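Structure first, then comments.
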Amino acid sequence: MSGQQWRKALWHLRHGGVEGFREFRRKRESELTSTRTSTVGSPRQDGADAPMLSVIVPAFNASGFIDRCLKSILNQSGVSLEVIVVDDGSTDDTVEKAEKHSHGSQLVTVLTGPNKGPARARNRGISAACGKYITFVDADDEVLAGAYATLVDSLERTGSDIATGAYVRIGATGRSRPKLTARVHARQRLAVRLDDMPELLEEPVLWNKVYRHDFWNRHVGEMWGFSNYEDQEPVYRALVGAAAIDVLTNDVYAWRLADGRDTRSKRKADLSDLQSKLEVIDALRVTLNHAPDHVVEQAYAIWMGTDLAMHAEYLDTANKRFRKTLCDAAKSFQNSMPKGAWKLMPAQERLYMWVVASGDLDDIEEVLGTRMEETRAVPLELVDGTWTVAPTYLSRLKTNVPQRLLKAQHVDFRPVVIVRNARWIGEQQIELQGCAYIPGIDPGQTTFRLQGVMDGATVLDVSVETRNDNRVDLDVGDPWRTYEAGGFIVCIDVSDLGDISPRGIGLTGSFEMEGMHLQAPAVSTAVVGMIAPSPIRDHGRLTVVADDRSELSIRPVAMPADPVVAKNVDFRGRDVTVTLDGSANVRGLALHAAGNRLELEPNGPAIFSATLPELPDRFRTHGERQWKLTAKTNVNNDLDVYHASVDYLLPGTSSVRLAANPAGKVRLEQRFRRVTVTGATNDRDRLLIIGRVDPPEKLKVVLKSSEQMIEPAESAFHADGSFTAVYELTTTGAEGGKVAALAGGYHLKYGEVTSQAESWARAAGKLAIRPVDCYTEWNTLRVEGKSSGAVSVVASPPWSPTERSKYGRFQLRNRDWGPLVDGIVFESYNGKVANDNPRALFETIRAERESIPLYWSIRDRRVEVPCGGIPIIEGTAAWHRALATSRLWINNNNFPYYIKKRPHQFYLQTWHGTPLKKLLWDMPRRKSPLTYRRLMTAEVSQMESLVSSIGRGGISPSIRSRIRRARQCR
């Protein structure tokens, strides 16, 4: 046997005992016999024409995606490959489109056949494959540039059986990296085994991996035709059988979530899908029969805490058969799974699935309802020196939850370190500003330091200066904790470090708290991506840079011994002026872009200028031309020119501006037209957006949402291209009163006319690193640059700075607002309008008793309140005070679930519409949301009287039921 085979034999002996070793030998002998009698599906051994990699693409009715998929494969470079498209009985033109890609030197084979499912289609592809390695692609997905060269190169170097990379999701909302893949691929690990890294089981997908063909034939073989989730079982077989696996950090695959597709997440409430999942899990358990205990624990944590938990999210509306099947499965798992598996499940999942295993529907709905009403966040508390999870629903459960499940586990601590801005304050001193916190824990219970790790050793350990961060609570949305005190500013001095490794210094946050030490990488939230080069010193520089996972490090930049340095680069339209350091021995400068070369004219010993040519019409709507600046010296031609110092985090506003790069080289990006937003403010009832158009031009800059497009009431454009667009925050309501015009999220877009305003304005200047908040009578507005560079405007109700965050609003719920006073609170249709029965009573009372304060509870200021009414916005202090102290409530629907009536308050329910319609208990459970059922169950006990018009049918069963329940509750 080869060395690799001996390693595998020892692995089976260690983990499966003598029986495991004998089973390995039997399989090995069977494989050798099979190899002698058949070569079908084996990699070619006959020389140069054999492809290195076979790419197998099963396809069924993939006409809308197959072209893009195959182009992404055929555009791969650095590895010879063949593409095998296996059509699984498509009824559209998938085959015709695939065959168009088979021409010239491109090896694309299209196999056709009847529909038998993706597993059998992949089997056919493997049988036809000739490559040394094989991989799989779903026909509606894409392979990222350089993916296969990276994966195959790793396998060639290490001799491993499998190489796996990270993946991203792509869809209508853009591109994102799932948290799961970011966690598994956080760092590169070569030649590991499953028992070294059991979290590989969290990624049971075929398509982000490359496999040795002979390894696949020996250890995986034929795929089985499960009704769903057919790729998970062969992936488990591969991971178990692999003697070595390369885990790479590179993104290699784009998994598409297309609009309108019947994605798996939408099928979780189907019994057939649940049964398919249970069928696959049974097969996976067999695959892990001889796996080490900690691998089995990881698997059960995934099956119970992820797979079944996803189905359990729908138990509140599921039918009895679905509920029984899932609860029985959870009970079976509870009885058979190792106790260590519970420790690997996050708190919400392990507590909920323990309740699901009990089968108690009331408790199941209590957990689900509380999470829907409040949050999935779980506060952590220190009890007798031990950190515990403390969900609010715990005391309301009948199910006995063991104390061991309440003890906080490592998976419950998710520290976060965010760097919002980086600024070099000296040649070797950098200032970072950001926030650091652990969800669920008060920052006051932790001590935070910033550390730098170089080649595995901690070389920096710096204390930070704390300061409030007014953005973090809005971002986190935790009702139980405020993380404002987690803000920090820190100065890092690298002058004493000597030579810095080419791999750089990774920036890491270190948290100390009672009995715990946690670390997390520092990540960037800068709009343009964090690239902050230091000033040049001793012919070199350092750069704070974020990688493709936004993780920060300080890296050295290799520079020439005598670099050409630019002290300043100025832009005016397409005019570029470069001022060099006086010591530069330069004969001339030139700009290069896509085959174009432009010489700069000397305007003095160190000043050069040029006018960039106009861009072709193809750049009118999108795209940029990239230019690089080079210098001619007495010795060399076309040397790179470096900035003496540069700040990329504040993007420019000119049509030509600096292009960020870690080395700090002079690079430019030119747009046909650049529209940027640099700031915002408000003037009473108006929002002012400030920005620039370059080249100067009068354009329509609009606020656009999925439902609205708001033109500026007026705009001022100046000769230098700067502009101010003014938007009215109010409009006229249906009854002639003034109401808010904005609500929800908008983006700033522009066009030559309003109807063509489809181009995105971009954040520039300080708006790229810091949002602008505007507080008005009508809205609280946040103008912010997003990670894409787009500018968003979020119009919230007119909350105060404290009321804006979920934490701030939750704190108002338990405040003592004082004694009852004369006052009436009206609400109609959850505060969306001010009419119906409450409006009729309001008009009558107002005519009779003008001295009583009459409040209208409304969602936001878009609701027009009748004359004589006092508007109170839901969630504000004024709203809580009015509800807590007014003697009378009048509603036609319901108040929020957390509003409780005090003694001696009177609640008059007028119920909207006619009682003849079906309501609540008259409707099937699946059509009545759990939150509404919970709310009304609590609400009826607070109603003193219910007044409603009664049709010919009399009082409906629903109303009778509610009145009966109310009486019983009293």
Side-chain angles (χ1 to χ4, degrees), residues 11-12 15-16 19-20 23-24 27 117-120 122-123 136 161-162 164 180-181 184 192-209 211 215-216 218-242 245 247 264-265 267-268 271-312 325-326 328-342 344-345 349-350 353 356-357:
W11 187 91
H12 282 277
H15 297 293
E19 284 303 316
E23 180 65 21
F24 169 77
K27 286 185 177 180
R120 288 184 172 84
R122 292 189 183 105
N123 289 335
F136 305 91
D161 295 320
I162 305 172
T164 177
L180 183 152
T181 193
V184 173
V192 299
R193 296 174 302 180
L194 180 61
D195 54 342
D196 300 322
M197 196 176 174
E199 58 266 35
L200 286 169
L201 295 176
E202 297 183 46
E203 221 174 46
V205 290
L206 287 165
W207 32 250
N208 66 334
K209 302 172 179 68
Y211 313 83
F215 160 78
W216 183 277
R218 291 194 307 272
H219 289 277
V220 182
E222 184 178 0
M223 297 191 209
W224 303 340
F226 293 98
S227 56
N228 207 344
Y229 309 104
E230 75 291 329
D231 53 348
Q232 294 191 10
E233 194 273 342
V235 171
Y236 267 53
R237 275 191 271 164
L239 294 175
V240 168
I245 304 167
V247 183
R264 288 175 177 174
S265 61
R267 301 200 302 264
K268 297 302 179 186
L271 177 62
S272 60
D273 192 74
L274 171 60
Q275 291 170 332
S276 297
K277 172 59 70 175
L278 294 174
E279 177 190 16
V280 169
I281 290 176
D282 282 343
L284 299 182
R285 281 199 274 201
V286 174
T287 304
L288 298 180
N289 270 344
H290 300 297
D293 291 345
H294 67 284
V295 173
V296 175
E297 288 175 356
Q298 183 77 48
Y300 270 98
I302 295 168
W303 301 333
M304 185 73 146
T306 300
D307 295 340
L308 294 191
M310 291 176 68
H311 291 281
T325 301
L326 180 52
D328 287 351
K331 183 66 174 178
S332 174
F333 274 50
Q334 184 188 60
N335 292 333
S336 62
M337 64 191 289
K339 287 187 177 181
W342 292 99
L344 302 176
M345 296 165 56
E349 283 69 28
R350 66 175 180 268
M353 291 311 296
V356 170

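Not measured: the values here are computed from a predicted model.
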Which value, rounded to the nearest 0.5 Å, describes the distance between E297 atom CD and H294 atom NE2?
8.5 Å

Look only at the side chain of D196 and the backbone of R193, and say whether a donor-acceptor pair between them is shorter than 3.5 Å.
yes

Mind checking whether N289 and V286 have side chains closer than 4.5 Å, heavy atoms only?
yes

As an exercise, state the distance from OH of Y300 to CG of L284, rounded to the nearest 0.5 Å.
10.5 Å

T181-E203 side chain donor-acceptor pair, cut-off 3.5 Å
yes

When rounded to the nearest 0.5 angstrom, what distance separates CG in L239 from NZ in K209?
6.0 Å

If we ignore hydrogens and angles and just use 3.5 Å, is the side chain of H311 paired with the main-chain N or O of K268 as donor and acceptor?
yes

Please examine the side chains of L200 and V184, heavy atoms only from C-beta on, and report whether any two atoms are closer than 4.5 Å.
yes

Taking N228 for its side chain and D273 for its backbone only, find out whether a donor-acceptor pair lies under 3.5 Å.
no

Locate the shortest heavy-atom distance separating A330 from V356; write the atom from each residue and the value.
CB-CG1, 3.9 Å

Crowded around R237 CZ? As in, over 12 foreign heavy atoms under 6.0 Å?
yes

Measuring from atom CD1 of I302 to atom CD of Q298, what distance do you get when rounded to the nearest 0.5 angstrom?
5.0 Å

Are L308 and L274 side-chain neighbours, meaning at least one heavy-atom pair lies under 4.5 Å?
yes

Side chain to side chain contact (heavy atoms under 4.5 Å, CB included) between E230 and M223, worked out:
CA-CA 8 Å; E230 75 291 329; M223 297 191 209; 5.9 Å; no

For Y229 and D307: C-alpha separation, side-chain torsions, deciding distance, then whether side-chain hydrogen bond (donor to acceptor under 3.5 Å, both in side chains) applies.
CA-CA 11 Å; Y229 309 104; D307 295 340; over 6 Å; no

Please tell me if the side chains of R122 and L206 come closer than 4.5 Å, counting only heavy atoms from C-beta onward.
yes

W216: which residues meet the ring-ring contact (aromatic ring centres under 6.0 Å, His included) condition with it, sequence neighbours left out?
F136, Y211

First locate atom CD of E233, then atom CH2 of W224, and finally report the distance between them rounded to the nearest 0.5 Å.
4.5 Å

About how many Å separate CE of M353 and OG1 of T306, when rounded to the nearest 0.5 Å?
10.0 Å

Kindly list each side-chain donor-acceptor pair under 3.5 angstrom involving residues 335-342, sequence neighbours excluded, with atom names and distances?
from, atom 1, to, atom 2, distance (Å)
N335, ND2, K331, O, 3.3
S336, OG, S332, O, 3.0

